[in-house]
Each structure stands twice: as structure tokens, then as C-alpha cells.
Protein chains: 2
Amino acid sequence: MGAGSRYDNEVLSALRRGDRFRSCQEVHALIADARGGPARPPSLSTVYRTLHRLAREGEVDAIHSEEGERLYRRCATSSHHHLLCRACGRAREVPHAREVRAVLARVERLTGFAELSYSLEFSGVCPDCD
Amino acid sequence: MGAGSRYDNEVLSALRRGDRFRSCQEVHALIADARGGPARPPSLSTVYRTLHRLAREGEVDAIHSEEGERLYRRCATSSHHHLLCRACGRAREVPHAREVRAVLARVERLTGFAELSYSLEFSGVCPDCD
DNA sequence: AAGGTTATGATAACCGTTTTCATTTTGACA
DNA sequence: TGTCAAAATGAAAACGGTTATCATAACCTT
């Protein structure tokens, strides 16, 4: 505990708006938008810090865009992959693929590597954009 | 053709030195080292440009490090995944996993997404480091 | 309310990468 | 081989996302 931010909820709720990965600056803008009136949004620094911490704590998922930008997303389940639409950028989760376990075991046996982990991301064109 | 660089060979041969992904600046340093004497190495700009182009042409593979840095590697086969050692950073290729095709087809059916592609990277601890 | 701890905001620093542009090299062709 | 246009190069500046800095503000705990 202790290491919480006053803005955790706003950051998380911004991430929940729309099913896509968002950059830190997008999150910052979303929060500013959500506050209609003269209310002061958190600074960019704070949003960076908050997202960084939430990612470290496992509260949000982080990936790198093709351009190297860091993108965040709030995820529902713990075991899943991401499927990004190349056209509209929306992302959905797909359930963890059982087959990957088999591949992992085979790679481990084949290579002698230990403590194998992996990252798997899908992309395609979603039904709406197709 | 036509769009080649005078330094393609040196860049590629630097990438072949050691089986690990290398940043652009590492490649630049490797080339400078390889030229013992007073010979002038290519500028950093040129190495950036060359690697960028080689990646676009599919001559080298590019990934992003955890910190967002772009890393390059010369790869032998066209269909493979990478297995990075978390301890020493060396990378080896593992043959393309047949199971992934099945997963891909299932995800396509399940989600209605078209033109699916994916990226799959493994990491672990190699036999030498274990 | 006092005092120490932690979070925040504004700004500067960082760092890898890209852009710019003047200069050099290259290649085609007479 | 000399000329000329097109392409590549180097040096430095610009860029963009991210992190560090530090003074100020908010937050406990007593």
C-alpha cells in the first residue's frame, strides 16, 4: 500500500474508455477531457509516474508500439493475448492459447534454455474495418 | 535496386559478429573497431539509415528492447522466432512453430479478424548461463 | 497545529532517432 | 575521360517520448 496516487482511478477509468492501447499522453488528454469544467487535470509527469507504477504492479498491461512508444491498457483477465486491429487500432483480448504451452515445452527441450517465457501479439483487420 | 549503401557489407558483417541483437550505436562502434587504423568509419547517421533500410527490405530483423531501443539482427532463415537469454543477451533462432498456424486459424474464426499476423518472442536462461 | 513524509507540477535534462542541408561520391552518357 | 544529375554521406540541429530534478503542496500521525 502506501504508494498510491490520487489519480489512480482517473487513469484507470481513462484506460477503460475504448478498447485500445493508449499512450501516456493520450491518457493525459482523456483525463483532461473528462473534466468538463475548470478542474485541473494531473500533470503529464504524474500520469507518466502513475502508469509506470500501475504497470509495475501488474494493474495494467504495457507494450511497445512499432515506433517504440509505450502503450498501456487495462486488462480483464490475467492470461490472454492481444489482438490489435491494424486499421482502427482497437484491441481485444483473446484467450490464452493452449498450444503455446506445447511449443514452450518443445523449445525448452530443443534448446536447453530454462525458465522460458514468451510474448505473443496478434494483429489483423477487425470485422468493422474489413 | 539502386538504393544501396556503400556500407551495407560492413553493417551486415558487424551484425554477424556474435549472436545477439545489436543497437544502431553498437553496430557503429563495432564497425569502428573493425577498422584498426585511421580509416574513417561511416557516420552514425549513415548506420541509422542503413539499418533502417535493411530492416525495411527484410535483410535484418528488428525488435524493440524492453526500454524501447531498436535492436537489429541478421537472420539466417525466414521463418523463425527468437529466443533471447535474459542473462547474457545472446539470441538464437528457433524454428517456426507449426502450432502457431493452428492458433492463428482459431483466432481468426473466433474473432472475425482478417489478415492475421503475429509476433512471438521467447526468452529464457541459456545453458551457458544456467 | 507541528513536523516529517510523500505526491505533485513545472521545467530541464536525457537519449535514441530523424531531419536538414551543404558537400561528396556515384553512375550514366556523351 | 569530362560533365552533369541523382544519390549517399557527415555534421549538427531538431524531435519526441520519457525520466530526473527540485521547490511546493498535500497528507498523515500524533
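Note on naming: letters A, B, ... go to the chains in the order of the sequence lines (proteins, then strands), and numbering restarts at 1 for each one. Just so we're clear, the structure is a prediction, and the values are computed from it rather than from any experiment.
Rounded to whole angstrom, the span from the OH atom of Tyr72(A) across to the C1' atom of dG17(D) amounts to 11 Å. Protein atom CG of Leu51(A) is 10 Å distant from nucleotide atom P of dT19(D), rounded to whole Å. As rounded to whole Å, 14 Å separates atom C1' of dT19(C) from atom CG of Leu44(B). Atom CD in Glu66(A) sits roughly 12 Å away from atom P in dT18(C) (whole-Å rounding). Rounded to whole angstrom, the span from the CZ atom of Arg49(A) across to the P atom of dT6(C) amounts to 15 Å. Gln25(B) has its CD atom 12 Å from the C1' atom of dC14(C), to the nearest Å. Atom P of nucleotide dT19(D) and atom CD of Glu69(A) are separated by 12 Å, given to the nearest angstrom. The nearest whole Å value for the distance from the CG atom in Asp8(A) to the C1' atom in dT6(C) is 14 Å.
Each end of the helix from dA1(C)-dT30(D) to dA30(C)-dT1(D) gets its own axis, taken as the rotation carrying the C1' atoms of four end pairs onto the next four within a five-pair window, and the two axes meet at 20° to the nearest 10 degrees.
Comment: Asp8(A) engages Arg53(A) in a salt bridge, judged by a side-chain N to carboxylate O separation of less than 4.0 angstrom. Ion pairing between a basic and an acidic side chain is recognised when a charged N comes within 4.0 Å of a carboxylate O; Asp128(A) and Arg90(A) show such pairing. Between Arg98(B) and Glu99(A) there is no salt bridge, since no side-chain N of the basic residue sits under 4.0 Å from a carboxylate O of the acidic one.
Distances shown here put a side-chain N or O of Arg40(A) below 4.0 Å from the OP1 or OP2 atom of dA10(C). Remark: Tyr7(A) is in phosphate contact with dG9(C), judged by side-chain N or O atoms under 4.0 Å from OP1 or OP2. Side-chain N/O atoms of Tyr48(A) include one lying less than 4.0 angstrom from OP1 or OP2 on dT18(D).
If you check every strand for non-hydrogen atoms under 4.0 Å, Arg6(A) touches sugar and phosphate atoms only.
Checked by atom type and distance alone, the side chain of Glu108(B) never pairs as donor or acceptor with a backbone atom of Ala105(B) at under 3.5 Å. Listed for the Arg20(A) side chain is no donor-acceptor partner under 3.5 Å among the backbone atoms of Arg92(A).
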Practice task
Take Glu93(B) and Arg73(B), measure what salt bridge (Lys or Arg N to Asp or Glu O under 4.0 Å) needs, and give me the verdict at the end.
Solution key: CA-CA 11 Å; Glu93(B) 300 175 22; Arg73(B) 185 164 193 260; 3.5 Å; yes
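Checked against dT19(D), dT19(C), dA10(C), the side chain of Ser45(A) finds its nearest nucleotide in dA10(C). The side chain of Thr46(B) sits closest to dT9(D) out of dA10(C), dT9(D), dT19(D).
Hydrophobic cluster membership is shared by Tyr118(A) and Val100(B), with clusters built from Ile, Leu, Val, Met, Phe, Trp and Tyr side chains linked at under 4.5 angstrom.
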